[in-house]
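Here's the structure, in structure tokens; my notes come after.
In this chain, residues are counted from 1 in sequence order. These numbers come from a predicted model, not from an experiment.
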Amino acid sequence: MTFTKTFAKPLIAAAMMGVLGTSGVAMAQKAPANAAANAQNQIAQLKNVLKINAGQEAAWNGFVAAYTQNFNPSRNPSAAEFNNMKTPQRIEFLKSLRAEENAFLNKRYDASLGLYNKLDDAQKKMFDEMTSQPVQAPRAAPKKK
């Protein structure tokens, strides 16, 4: 079985969805202790599958940096601090947190586009295949009888 069929599509899809940048705690709960080493190995294999050349190296490095970086909010109140906030303060905090998360994700998406724009047509085709996901139609709520 080739790397492309086995690892590349899930790796890129996960990266595009932000899984590679999860917090250390979340990653430790979901994966074995050697998850970081496995991720680095998969990144190296992906680089080989895409056949990244010297002219694409800067964009590749930006892509890898963006997708291996963790989201760290500017404020991370404890449960007690959050619960002591009044509703307007909580809402303002949550809005600012969402804005930070959006900015973080937009940097990842921009890094993906930066890499994609440096790829040749064959590499773009491979990248498109690896990052495609089947689209599922929303499920309608059951009708009441």
Side-chain angles (χ1 to χ4, degrees), residues 1-79 81-82 85 87 89-145:
M1 196 177 291
T2 66
F3 171 78
T4 303
K5 291 181 182 176
T6 307
F7 298 108
K9 190 168 185 171
L11 176 67
I12 291 294
M16 296 292 283
M17 295 175 66
V19 173
L20 289 181
T22 58
S23 70
V25 173
M27 188 175 242
Q29 293 171 345
K30 294 179 182 178
N34 62 355
N38 288 340
Q40 289 301 320
N41 185 37
Q42 289 177 346
I43 289 168
Q45 289 178 353
L46 177 61
K47 184 177 182 181
N48 289 332
V49 167
L50 288 174
K51 298 179 176 117
I52 300 297
N53 62 43
Q56 299 165 328
E57 194 71 30
W60 170 258
N61 290 337
F63 174 80
V64 171
Y67 280 96
T68 56
Q69 187 178 64
N70 294 329
F71 172 69
N72 294 310
S74 62
R75 281 185 58 208
N76 194 9
S78 68
E81 290 171 321
F82 184 81
M85 292 179 192
T87 297
Q89 293 169 313
R90 285 186 199 137
I91 290 170
E92 190 59 36
F93 167 73
L94 293 171
K95 283 181 174 181
S96 68
L97 181 63
R98 177 62 59 176
E100 287 181 41
E101 288 174 322
N102 285 340
F104 176 79
L105 291 173
N106 284 336
K107 285 181 183 178
R108 285 183 168 186
Y109 300 150
D110 291 343
S112 294
L113 288 174
L115 173 61
Y116 189 83
N117 290 332
K118 293 290 184 178
L119 300 177
D120 63 31
D121 290 340
Q123 291 169 313
K124 285 179 180 179
K125 183 178 179 189
M126 177 67 71
F127 192 87
D128 288 339
E129 289 174 8
M130 290 187 301
T131 59
S132 65
Q133 295 275 327
V135 177
Q136 295 179 350
R139 294 170 47 169
K143 293 182 180 182
K144 294 182 181 179
K145 293 183 179 183

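Scored by the side chain to side chain contact (heavy atoms under 4.5 Å, CB included) test, Ala59 finds Leu115, Lys118 as partners (sequence neighbours excluded). For Gln40, there are no side chain to side chain donor-acceptor pair (under 3.5 Å) partners two or more places apart in sequence or in a different chain. For Asp128, the side chain to side chain donor-acceptor pair (under 3.5 Å) partners are Tyr116, not counting sequence neighbours. With sequence neighbours left out, Glu81 forms a salt bridge (Lys or Arg N to Asp or Glu O under 4.0 Å) with no residue at all.
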Q. What's the verdict on side-chain contact (heavy atoms from CB on, under 4.5 Å) for Ile43 and Trp60, showing C-alpha distance, side-chain angles and the deciding distance?
A. CA-CA 10 Å; Ile43 289 168; Trp60 170 258; 3.6 Å; yes

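Judged as a salt bridge (Lys or Arg N to Asp or Glu O under 4.0 Å), the pairs with a partner in residues 52-63 (not counting sequence neighbours) are, in order, Lys47-Glu57. Residue pairs meeting the salt bridge (Lys or Arg N to Asp or Glu O under 4.0 Å) criterion with at least one member in residues 97-106, sequence neighbours excluded: Arg98-Glu101.
Interatomic distance, OH of Tyr109 versus CZ of Phe104, reported as 10.0 Å (0.5 Å rounding). Note that the CG atom of Asp121 and the NZ atom of Lys125 stand 10.5 Å from one another [nearest 0.5 Å]. Separating the CZ atom in Phe63 from the CG atom in Leu113 is a distance of 10.5 Å, to the nearest 0.5 Å.
Within 6.0 Å of the NZ atom in Lys107, the count of heavy atoms belonging to other residues, nucleotides or ligands does not exceed 12.
Residues Asp120 and Asn53 have side chains not in contact (no heavy-atom distance under 4.5 Å, counting atoms from C-beta outward). At least one side-chain heavy atom of Gln56 sits less than 4.5 Å from a side-chain heavy atom of Gln123.
Listed here is the closest heavy atom pair of Val64 and Thr68: O-OG1, 2.7 Å. For the residue pair Pro77 and Phe82, the shortest heavy atom distance occurs at CB-N, 4.2 Å. For Leu50 against Met130, the heavy-atom pair with the smallest separation is CD2-CE, 3.4 Å.
Asn106 places a side-chain N or O within donor-acceptor distance of the main-chain N or O of Asn102, the cut-off being under 3.5 Å. Side-chain N or O atoms of Arg108 include one that pairs as donor or acceptor with a backbone N or O of Gln69 at under 3.5 Å.
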